[in-house]
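A note on names: the letters A, B, ... follow the listed sequences, proteins ahead of strands, and every chain is numbered from 1. As the structure is a prediction and not an experimental result, all values here were calculated from the model.
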Protein chains: 2
Amino acid sequence: MAERAVHARQRRADGERTRTAILDAAVRLSTVDGLEGLSIGNLAKDLGMSKGGVYAHFDSKQDLQLATVEAAGAIFRSEVIEPALTADPGVPQLLAFCDAYFDHLERRVFPGGCFFAGAALEMGTHRGPVQEKVAEFHSGFIQLIREFVRTAVGLQQLPPDEDPAALALELNGTLLAADTSFVMYDDPSVLDLGRRVVRRRLGRTEARGNETPAKISNPR
Amino acid sequence: MAERAVHARQRRADGERTRTAILDAAVRLSTVDGLEGLSIGNLAKDLGMSKGGVYAHFDSKQDLQLATVEAAGAIFRSEVIEPALTADPGVPQLLAFCDAYFDHLERRVFPGGCFFAGAALEMGTHRGPVQEKVAEFHSGFIQLIREFVRTAVGLQQLPPDEDPAALALELNGTLLAADTSFVMYDDPSVLDLGRRVVRRRLGRTEARGNETPAKISNPR
DNA sequence: AGAGTTTGAGAACGATCGTTCGTTCTTAGT
DNA sequence: ACTAAGAACGAACGATCGTTCTCAAACTCT
């Protein structure tokens, strides 16, 4: 996005390929061990190359972390956000977004669960450039949900008094809680529960007061 | 709680005090650096004692982690769960529980945010005794919310078709999302938002359909 | 008071951490 | 084809990791 300093050192084609491979592994490993727990040695071992070889592509570990966050963001955008944008604006988009989130967990796009859920909680307490970048993504994530809600309210698919910030917190929370339980117990059924919760919350909100409540199948 | 092995080695009074102080610091540090990021050296430095001194109280780092989780659990129980139990059963207890959670964040009982939110996401990917202990607490946490919901349904304070597992996921999610944002932006206003969300969700659910919606001030 | 144990300091261990360096091999531009 | 530069290796750096050991001081109990 932003140009690197004054002299952006140019890369060779094979170097670019390697750099991509490194970041791919870095994203994968850091969803399991965290951005701090990610080590150059493990990364090099995972890739079958030397520590020095890895280091040739990054100025420091922090530089590697920043690039890793960026790479994870690109994956998240293409796997979760872009699919959601193909749905109709308003509630359908909101639903598509949540479904895409649950789906990317179920497909194990990141082996250790949602990258940004882990990164946000891990880096939230460590102020610095990496935390700022994570916060930037997290903030954009929240703003996106709020925007979806505002659009849905504007289309009268949600009640006019629906607070976008409040509903965004609810939905973000449901995604977070589902991710946490999914990672902890490795049980996809919590994702179904999450999908049901989101549907119930967004489903029949525009018509109020006189229809029979939605019947939600409740095993147990 | 459980007796230690066959020979529970007896401790001296001063040793018990030191052990408590170590665990206090360990809980504090691990909410900032994580349970894996917690190191004996940092812990000793924080306490002004030697690594060997710390090690006299624990068999291994894993033993220290297990004791740290236990200590954090005791703090969480006395700071969040017990206050909630003094409220009337049903929705009031559910509300008191969520409020106590937001309060313990605001009072910064743990300097790095909710201990178990961080621990669950960090240890979820690292199977082993520590993960099992964290999962045990997490599971008890969820079960407790579900029990509160069941009680509230039994008392007809919530609709009879309210799914305890689904509502527990919603509430747990709201707490989680508030914790994440609070830690990331160090902004207490998200806790107020969380309190409002919980109140709206639990507030006017028993009477349905004909009262005017609650006016929620929304200063962007 | 004396025996026996726990506590805690301090040094040391091998391993790994992030990082630097010098060298060799490969690619890209002329 | 020649050359300048990037790519990757492998060794090494000091620091820190978890862990083990020894030893002196402090406490508990009879």
Respond yes when some side-chain nitrogen or oxygen of B:S60 is under 4.0 Å from OP1 or OP2 of D:dG18, and no when none is.
-> no

To the nearest angstrom, the CG-C1' distance between A:L47 and D:dA8 comes to 13 Å

With distance as the sole test, does A:Y185 use its side chain to make a donor-acceptor pair with the main-chain N or O of A:T180 at under 3.5 Å?
-> no

Any donor and acceptor pair, going by atom type alone, linking the side chain of A:S30 with main-chain N or O of A:V27 inside 3.5 Å?
-> yes

5'-most by nearest nucleotide on DNA chain C - B:K51 or A:L38 = B:K51

Candidate nucleotides D:dC9, D:dT19, C:dT27, ranked by approach to the side chain of A:M49 - the nearest | D:dC9

To the nearest angstrom, the CG-P distance between A:D63 and C:dG18 comes to 14 Å

D:dG18 C1' sits how many Å from B:N42 CG, rounded?
-> 13 Å

To the nearest angstrom, how far is B:F58 atom CZ from D:dC17 atom C1'?
-> 18 Å

Sole residue of B:F110, B:F182, B:F116, B:F115 in ring-ring contact (aromatic ring centres under 6.0 Å, His included) with B:H104 = B:F110

Where the side chain of A:I40 is defined as all heavy atoms beyond and including C-beta, which of C:dT19, D:dA8, D:dG18 is the nearest nucleotide?
-> C:dT19

May I have the step-by-step check of side-chain contact (heavy atoms from CB on, under 4.5 Å) for B:F102 and B:V198, ending in yes or no?
-> CA-CA 11 Å; B:F102 293 128; B:V198 169; 4.0 Å; yes

Rounded to the nearest Å, what distance is computed from the CD atom of residue A:Q10 to the C1' atom of nucleotide C:dT27?
-> 11 Å

Aromatic contact, A:F97 with A:F141 (centres under 6.0 Å) | yes

Starting at CD of B:E16 and ending at C1' of D:dC27, how long is that distance when rounded to a whole Å?
-> 14 Å

A:R17 CZ to D:dG6 P, straight-line distance once rounded to whole Å = 18 Å

Contacts of A:G48 and B:A13 projected onto DNA chain D by closest heavy atom; the upstream (5') one is A:G48

Check: B:E82 main-chain N/O paired with B:T86 side-chain donor or acceptor under 3.5 Å = no

Using a 4.5 Å cut-off on heavy atoms from C-beta on, say whether the side chain of A:Y101 contacts that of A:C114.
-> yes

Is the distance from OP1 or OP2 of D:dA8 to the nearest side-chain N or O of A:H57 less than 4.0 Å?
-> yes

Testing D:dA7, D:dT19, C:dA9 for proximity to the side chain of B:Y55, the answer is D:dT19

Distance test, side-chain N/O of B:S39 to OP1/OP2 of D:dC17, below 4.0 Å | yes

Ignoring hydrogens and angles, does a donor from either the side chain of B:R12 or the base of D:dA26 sit under 3.5 Å from an acceptor on the other?
-> yes

Residues from residues 23-37 of chain B sitting under 4.0 Å of DNA chain C, heavy atoms only?
-> none

Side chain of B:D14 (C-beta onward), nearest among D:dT28, D:dG18, C:dT7 | C:dT7

Which part of the nucleic acid does A:G15 contact within heavy-atom distance under 4.0 Å: base, sugar-phosphate only, or nothing?
-> sugar-phosphate

Short side-chain donor-acceptor distance under 3.5 Å, B:H126 and A:D33 = yes

To the nearest Å, give me how far apart CZ (B:R11) and P (C:dG8) are.
-> 12 Å

